[in-house]
Asker: 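Let me begin by handing over the structure; questions about it come next.
Ligands are counted one by one from 1 in listed order, and the atoms in each one are counted from 1 as well. Atom set for the values below is all heavy atoms of this structure, side chains included, hydrogens, waters and symmetry mates excluded.
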Amino acid sequence: MMFSLCNALCFLMFLFVVPLECKSEGYEPASNCSTVECPPYVVIYSQKEFEIRSYKEALWVSGPKILNTSFVPAFPNAILTLDAYYGGKNVQHVKIDKTAPIFVDVQPALYYVQNTTYTANYYVPKRYQNGIPTPLSPEIKPVKLPKYKYAAVNRITFGLLDDAIFLGLTALKRSLQGTPYQRAATFNQVTVVTYNPYSPNDPSINSDGFNEVLVWFD
Ligand SMILES: *[C@@H]1O[C@H](CO)[C@@H](O)[C@H](O)[C@H]1NC(C)=O
Ligand SMILES: *[C@@H]1O[C@H](CO)[C@@H](O)[C@H](O)[C@H]1NC(C)=O
Ligand SMILES: *[C@@H]1O[C@H](CO)[C@@H](O)[C@H](O)[C@H]1NC(C)=O
C-alpha cells in the first residue's frame, strides 16, 4: 500500500515537477541577483548557444546618449549620471539601492558596435517602481522596459571590448538562423548587458564571470 502510494506520488512528480524544471532551464541566474534586485524574466526557450527571455515590463531609468567610436570609453560616461542619481543626486536626496544588470542600448548596431550611441539603463528597485525620486539632471529619464516582447541572449565570458561584443553578437545571430527566432537576427535592437559595472572588461574579477549580448524582437 505504502509502496504504491509512493509510486503514484513519484509519477505525479514526474508529470508536474519535471516539466517545470525543464521550463526553467537556461543560464544560471547571475550571482549578483542574490544580493541586489534584478529585473524578473522568464526563459521561454534555451539551447547551448543562446536562450530566449521574456522580461516583465517594469520601470527603469535611462541616462544620456553617449556618442563614441568605441564601447570602452563610452561605458563609464554612459553610467556616470545614473550612478550619481542612484548615489543621491536627486531632489529628495535619497540613495537608491543599486540593482543589476545594466542594459546598454547600442544604436544603430547594423554592422559593428562602433561609431554609435550608447545609452545605459538601470532597473528601478521595487520600492520606487511606482514613482522615482526626482532627478536633478534632465538627462535621467524614467522608461518602461522592455520595448519588445522577447530577447535572444548570448552569455559571453570575456570582457566588453568592441571585438568581443561584435563576436558575441555575430555568434548569437548565426545560432539563431534556422530557429523559430531567427527574425531577431535581422531586427538589430542590440543591448549589451553587464552585471559587473566596475569591471565590465574583466568579468573574471568577480563571481559572475560573464557579460551578455542581447537582441530584442517581437
Ligand atoms: C570617446 O570617449 C573618450 C573618453 O571620454 C573621449 O576622449 C573621446 O573624445 C570620445 N570620442 C568621441 C568621438 O566622442
Ligand atoms: C568611425 O567614424 C570615424 C570618423 O567618422 C571614422 O574615421 C572611422 O573609420 C569609423 N569607424 C568605423 C568602424 O566605422
Ligand atoms: C556584483 O557582485 C560583485 C561581486 O561579486 C560586485 O563587485 C558588484 O559591485 C556587484 N554589482 C552590483 C550591481 O551590485
Asker: More than 12 foreign heavy atoms under 6.0 Å from CD of Q92: is that the case here?
Answerer: yes

Asker: For a distance cut-off of 3.5 Å, show me each N or O of ligand 1 paired with any protein N or O, plus the separation.
Answerer:
from, atom 1, to, atom 2, distance (Å)
ligand 1, 2 (O), N68, ND2, 2.2
ligand 1, 5 (O), N77, ND2, 3.1
ligand 1, 11 (N), N68, OD1, 3.4
ligand 1, 11 (N), N68, ND2, 3.1
ligand 1, 14 (O), L67, O, 3.3

Asker: Considering residues at least two apart in sequence or located in another chain, which fulfil the side chain to side chain contact (heavy atoms under 4.5 Å, CB included) criterion with Q129?
Answerer: A58, L59, Y123, V124

Asker: Is it true that the side chains of T134 and N90 contain a donor and an acceptor less than 3.5 Å apart?
Answerer: no

Asker: Pick one: which of Y122, Y55, Y41 meets ring pair (Phe, Tyr, Trp, His ring centres under 6.0 Å) with F103?
Answerer: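 By the ring pair (Phe, Tyr, Trp, His ring centres under 6.0 Å) criterion, F103 pairs with just one of Y122, Y55, Y41: Y55.
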
Asker: Any ion pair linking K149 and E57 (charged N to carboxylate O, less than 4.0 Å)?
Answerer: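 Not counted as a salt bridge, because no side-chain N and carboxylate O are separated by less than 4.0 Å.
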
Asker: Under a 4.0 Å threshold between the charged nitrogen and the carboxylate oxygen, would K65 count as salt-bridged to D105?
Answerer: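 K65 and D105: not salt-bridged.
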
